[in-house]
Amino acid sequence: MTVSPDSLSRYLAEAHDMVFVCDPSRRITYVNQSASSEIGIEAERLIGRDLLLGVEEYSRSLVEDLFNQTLNRIEWHGEILLVRSGGDVFPAYVSASPIQDDNDEVECVLVIAHDITQRKKLEEEIRKRAELASSIIRTAPIGIFSLDKDRTFKAVNRAFTSLLNIRSPVSLIDQSFDRVSGEMNPELVEAIESGFDNKEALITNKPLRGEGPEDLTVSLTVIPQMNPDGKVEGVVAIIEDRTELMRVEEQMLQADKLASTGFLAAGIAHEIRNPIAGIYTVIDVLAKRVRREGGNEEPYQRILTNIDRIEDIIRRTLEFANPTQIQPRNSDINALLVQVLDFFKFHPIYQRVTVEWDIAEDLPEIFVDPKQIQQIFHNLAMNAAQAMKDTGGTLQISTHMTSLSKTGGDKWIEIRIRDTGPGIQEDSLKKIFDPFYTTKPPGEGTGLGLSVSFSIAKNHGGELSARNHPDGGAEFTLRIPVSKM
Ligand SMILES: Nc1ncnc2c1ncn2[C@@H]1O[C@H](COP(=O)(O)OP(=O)(O)O)[C@@H](O)[C@H]1O
Ligand SMILES: [Mg+2]
């Protein structure tokens with residue numbers, strides 16, 4: 001069925017889009033209802049006026065140029081700003097087509113426009129949301145990246161690249177995942193890869209690289225991305241640095257344990273102190289009598305020596321459960337260390353130990369109890385020497401400033417004491433700070449050195465931790481805040 005010219009002009013008149021017809025001199029010869037109501041001027045008053053009337057001032061020269069193009073039989077369309085009679089400006093999508101007569105002359109220009117205010121608003125809303133989402137990802141303190149199904153990076157944030165010490169996230173975009181997977185713990189890589197088989201994963205507290213002394217502990221979440229057909233389109237991975245958290249948790253756990261065992265131990269120590277003193281007095285009297293009578297007092301002396309040792313244990317137990325008041329003074333950590341090691345110089349156990357120093361010269365003085373801090377150094381140096389007593393070895397002592405959070409924050413002095421002995425037995429690592437935990441034969445160890453040291457560190461707002469150095473030997477790290485007290 002063909003449409004009659006009458007119907008056609010009715011359709012045009014009622015069309016939702018604005019319709020204008022102009023002669024080649026840009027004068028309006030026709031407008032439909034929609035056009036006159038959008039522009040806000042009655043149709044009769046628009047006829048004969050310049051088409052530019054409804055065009056916003058700044059769009060005018062553009063429209064002028066484009067209109068002249070149509071006169072050269074070139075169609076155009078695009079977005080311009082129109083203006084209502086009240087002065088309101090609104091965006092419109094406009095197309096202008098030259099209509100030619102039988103001689104191929106441009107007879108008139110048909111302009112169809114529609115208001116795109118709503119669409120523009122929506123576009124702006126979408127743009128804002130996308131911007132928000134990407135700025136959250138960009139600045140989030142957790143590492144985030146996404147891979148497409150070819151395992152190519154499509155989004156990477158700074159936190160992720162800084163975890164892996166890569167300078168810029170931009171440099172990874174469109175690169176293959178292989179570029180970083182070699183640097184990551186294979187267990188994590190496997191979980192990310194399995195995302196492509198549509199497997200979600202949550203892995204907590206694993207080493208990021210799986211090696212190295214400065215390795216970070218991270219948690220990984222893998223989320224496969226599906227398209228509407230249920231096919232895996234890519235993978236999003238979230239990596240959270242848990243190193244700091246783990247360290248704090250561990251120290252807190254140890255402090256709790258110490259507090260409770262310390263309480264118990266102190267109770268027992270207190271109770272046996274008097275009977276032990278009684279026994280000592282009796283044995284002492286016996287020893288003296290035997291000596292007077294010319295007998296062999298040696299067994300009695302052995303008992304007395306052992307009672308002395310028990311006394312010593314009791315004293316230290318009470319000390320650690322209820323440490324004497326801290327008497328802080330401005331102290332130079334390096335000097336305190338040197339004094340302790342000077343003392344050991346002449347100790348037989350240090351004859352086969354070489355001490356290596358790596359000391360930061362510009363450490364600030366800190367407000368600590370020098371005697372107590374030296375007690376820690378003494379305990380650590382003694383343990384190290386005992387660990388190397390059969391083989392000899394090197395004691396490496398280093399000090400430097402550090403701040404624990406990446407963002408700067410509080411300043412700490414960090415002291416590392418490392419030996420080249422056999423290292424701490426794997427199953428002991430979790431227990432060495434427990435009071436009375438020792439792997440040494442009686443007479444050599446009481447198992448109190450490290451728990452006392454831990455308590456002192458804690459009382460100074462500091463931390464003491466241990467690990468086996470990847471290149472062998474045990475390493476103890478003491479951190480003391482510069483201005484906590
Ligand atoms: N430098 C070290 N190398 C190896 N093991 C160590 C070292 N320091 C401490 N340890 C382990 O920690 C345990 C507890 O140490 P500590 O509390 O000082 O008690 P003790 O020295 O009396 O045994 C030791 O028995 C030992 O097993
Ligand atoms: Mg010890």
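Counting convention: from 1, in listed order, for ligands and their atoms alike.
The pair E193-R151 meets the salt-bridge criterion, since a charged nitrogen lies less than 4.0 angstrom from a carboxylate oxygen. Residues E233 and K149 are not paired through a salt bridge, judged by the lack of any N-O separation under 4.0 Å between the basic side chain and the carboxylate. Note on E414 versus R416: salt bridge recorded, some NZ/NE/NH1/NH2 to OD/OE distance being below 4.0 Å. A salt bridge does not link R127 with E123: none of the charged nitrogens is closer than 4.0 Å to a carboxylate oxygen. Salt-bridge formation is detected for the pair R315/D312: a Lys NZ or Arg NE/NH1/NH2 atom is positioned less than 4.0 Å from an Asp or Glu carboxylate oxygen.
Between G447 and ligand 1, a contact under 3.5 Å exists for at least one N or O pair. Backbone and side-chain nitrogen or oxygen atoms of T438 are examined, and one is located within less than 3.5 angstrom of a nitrogen or oxygen of ligand 1. Checked by distance only, ligand 1 and D419 come closer than 3.5 Å through their nitrogen or oxygen atoms. Looking at ligand 1, you'll find an N or O of K440 within less than 3.5 Å of one of its N or O atoms.
Of the possible donor and acceptor atoms, one in the side chain of Q251 sits under 3.5 Å from a partner among the backbone N and O of L464. Judged purely by atom type and a 3.5 angstrom limit, D419 uses its side chain to pair as donor or acceptor with the backbone of A474. Remark: side-chain polar atoms of S453 are paired, donor with acceptor, to backbone N or O of G449 under 3.5 angstrom.
Those atoms of ligand 1 with a heavy atom of T446 less than 4.0 angstrom away are 22 (O). Those atoms of ligand 1 with a heavy atom of G445 less than 4.0 angstrom away are 22 (O). Near I432, with a cut-off below 4.0 Å to any heavy atom, the atoms of ligand 1 are 11 (C), 12 (O), 13 (C), 14 (C), 17 (O). Taking every non-hydrogen atom of A474 and a distance limit under 4.0 Å, the qualifying atoms of ligand 1 come out as 1 (N), 2 (C), 3 (N). Of all the atoms in ligand 1, the ones that sit under 4.0 Å from a non-hydrogen atom of G423 are 4 (C). Listed by number with element, the atoms of ligand 1 under 4.0 Å from a non-hydrogen atom of A384 are 1 (N).
Nearest non-hydrogen protein atom to atom 8 (N) of ligand 1 is N383 CB, 3.3 Å. Scanning all protein heavy atoms for the shortest distance to atom 5 (N) of ligand 1 gives I424 CG1, 3.6 Å. The closest protein non-hydrogen atom to atom 14 (C) of ligand 1 is Y437 O, 3.3 Å.
By heavy-atom distance, the residue among T420, I417, L450 lying nearest atom 17 (O) of ligand 1 is L450.
Using a 4.0 Å cut-off between heavy atoms, F476 contacts ligand 1 through its side chain alone, with no backbone atom that close. Under 4.0 Å from ligand 1, heavy atoms of T439 appear from its side chain as well as its backbone.
Proximity of the aromatic rings of Y350 and H347 is defined here by a centroid distance below 6.0 angstrom, and this criterion is not met.
Considering all non-hydrogen atoms of both residues, P435 and L448 come closest at CB-CD2, 4.1 Å.
Relative ring orientation between F476 and F433 is described as perpendicular, the plane-to-plane angle rising above 60° on a 0-90° scale split at 30° and 60°.
Between the Mg ion (ligand 2) and T446 there is no N/O/S contact shorter than 2.8 Å.
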